[in-house]
Amino acid sequence: MSDVASNATAKSDANNVSHSMLHLLAANKLNDKFLVQRASIDDLAEILAIYNQSIAGKQATANLTPVTSEEREAWFEEHLNSATRPIYVVRMVDIVAIDSAKQKECPPIVAWGSFSDLYARPAYHISSEISIYLHKDYHGQGLGSLLLYWMLNQAPSLEIHNVIALIFAHNQPSLGLFGKLGFEQWGYMPKVCDMDGFIADVVMLGKTVIPDDIVDSL
């Protein structure tokens, strides 16, 4: 193929790369199968689809009925516009195709995680609640550990000193996951959730990601 033809093909390929794919090219690798990046404005529907999958099991959320995009628009926009309380999305991709720009369509989201305000008072700004949700087809593959570990490493750059997880006491898989990555029990709230069939306890797990001696020297 001549140089002219090659250049024309390259330009055509570049024009075919979607805005979402350009965003994906700037993503971070969790491993050879998964990329993670900040959520973009087009991701809400996929994020909520994964969230709504978790409701029926009554293990991962205190919502009892599916939520809609309209109900979550303000929540989503607040995260998108925040420098320190992001939502991250994970996609399963062909790394080779991404690196060579051969993949034209943005792969679906298979997991997401967020940092949220622990409490809406200024003094709590050093502490954040973490949430992680996986697509049902990707449970048990180590993806939760990968995403949690990656988010903990991002926390200091987001000015987060303490990461807190609120987990149902009956959600043993999540308690085990967070425990493996160094979270400790910081609180226990008995019988605080009516799950429409049973009453649930909530465990507060916490992990300090910026030690006190480092904080004092800032």
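Start at 1 with the first residue, then count along the sequence. All values below were derived from every heavy atom in this structure, side-chain atoms included, with hydrogens, water molecules and symmetry-related copies excluded.
Rounded to the nearest 0.5 angstrom, Ile50 CD1 and Ile109 CD1 are separated by 6.0 Å. Here Met204 contributes atom CE and Gln185 contributes atom CD; the two are 10.5 Å apart, rounded to the nearest 0.5 Å. Considering OG of Ser40 and CG of Leu80, their distance stands at 7.5 Å, rounded to 0.5 Å. A distance of 13.0 Å separates CZ of Phe115 from CD of Glu159, quoted to the nearest 0.5 Å. In this structure, OG1 on Thr65 lies 10.0 Å from CG on Asp196, to the nearest 0.5 angstrom. Atoms OG and CD, from Ser116 and Glu78 in turn, are 8.0 Å apart once rounded to the nearest 0.5 Å.
Among all heavy-atom pairs drawn from Pro173 and Gln59, the shortest one is CD-OE1, 4.4 Å. Minimum interatomic distance between Ala111 and Leu134 (heavy atoms only, all atoms of both residues): CB-CD2, 3.4 Å. Across all their heavy atoms, Glu46 and Pro108 have their closest contact at OE1-CA, 3.3 Å. Annotation for Ile160 and Ser128: closest pair CD1-CB, 3.7 Å, computed over non-hydrogen atoms. Scanning all heavy atoms of the two residues, the minimum distance from Asn162 to Thr208 falls at OD1-OG1, 3.0 Å. Considering every non-hydrogen atom in both Ser69 and Leu44, the closest pair reads O-CD2, 3.9 Å.
Residues Tyr138 and Phe34 have side chains in contact (heavy-atom distance under 4.5 Å, counting atoms from C-beta outward). Side-chain atoms of His79 and Pro86, non-hydrogen and from C-beta on, never get closer than 4.5 Å to each other. Counting heavy atoms from C-beta on, the side chains of Leu152 and Phe183 come closer than 4.5 Å. In this structure, Leu166 and Glu129 have side chains that are in contact, with non-hydrogen atoms separated by less than 4.5 Å. In this structure the side chain of Leu35 never reaches within 4.5 angstrom of the side chain of Asn28, judged on heavy atoms. Contact check for Tyr88 versus Gln154: side-chain heavy atoms found under the 4.5 Å cut-off. Contact check for Glu73 versus Phe76: no side-chain heavy atoms found under the 4.5 Å cut-off. Ile132 is listed as a side-chain neighbour of Met151, based on a closest heavy-atom distance under 4.5 Å.
By the side-chain contact (heavy atoms from CB on, under 4.5 Å) test, Val67 is found to be paired with Leu48, Tyr51, Asn52, Asn63, Glu71, Arg72, residues two or more places apart in sequence or in another chain being considered. In terms of the salt bridge (Lys or Arg N to Asp or Glu O under 4.0 Å) criterion, Asp194 has no residue partners (sequence neighbours excluded).
The aromatic ring centres of His170 and Phe198 sit less than 6.0 Å apart.
Taking hydrophobic clusters as Ile, Leu, Val, Met, Phe, Trp and Tyr residues chained together by side-chain heavy-atom distances below 4.5 Å, Ile167 shares a cluster with Val163. Residues Phe178 and Trp150 share a single hydrophobic cluster, defined by chaining ILVMFWY side chains whose heavy atoms lie under 4.5 Å apart. Transitive grouping of hydrophobic side chains (ILVMFWY, heavy atoms separated by less than 4.5 Å) keeps Leu158 and Tyr124 in distinct clusters. In this structure, Leu181 is a member of the same hydrophobic cluster as Leu147, with clusters built from ILVMFWY side-chain heavy atoms closer than 4.5 Å. In the hydrophobic cluster analysis, where Ile, Leu, Val, Met, Phe, Trp and Tyr join through side-chain heavy atoms closer than 4.5 angstrom, Met92 is grouped together with Tyr149.
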Determine whether Ile87 and Arg38 satisfy the following criterion, side chain to side chain contact (heavy atoms under 4.5 Å, CB included), listing intermediate values before the conclusion. CA-CA 6 Å; Ile87 295 174; Arg38 280 189 179 237; over 6 Å; no
Residues Ile130, Leu148; criterion side chain to side chain contact (heavy atoms under 4.5 Å, CB included); working and verdict: CA-CA 9 Å; Ile130 190 171; Leu148 177 56; 3.6 Å; yes
Full working for side chain to side chain contact (heavy atoms under 4.5 Å, CB included) between Gln37 and Val89: CA-CA 6 Å; Gln37 62 189 149; Val89 296; 3.7 Å; yes
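One finds a salt bridge joining Asp43 and Arg91 here, because a Lys/Arg side-chain nitrogen approaches an Asp/Glu carboxylate oxygen to under 4.0 Å. With respect to the salt-bridge test (charged N to carboxylate O, under 4.0 angstrom), the residues Asp117 and Arg85 qualify.
Side chains of Gln53 and His135: a donor-acceptor N/O pair is present below 3.5 angstrom, by distance only.
A donor-acceptor pair is defined here as one N or O able to donate and one able to accept, closer than 3.5 Å; no such pair exists between the side chain of Trp186 and the backbone of Leu205. Judged by distance alone, with hydrogens and angles left aside, the side-chain atoms of Lys58 form a donor-acceptor pair with the main-chain N or O of Met195 at under 3.5 Å.
With a 6.0 Å radius and a threshold of 12 heavy atoms from other residues, nucleotides or ligands, Ile199 has its CD1 atom above the threshold. Sparse packing is recorded around OH of Tyr119, with 12 or fewer heavy atoms of other residues, nucleotides or ligands lying under 6.0 Å away.
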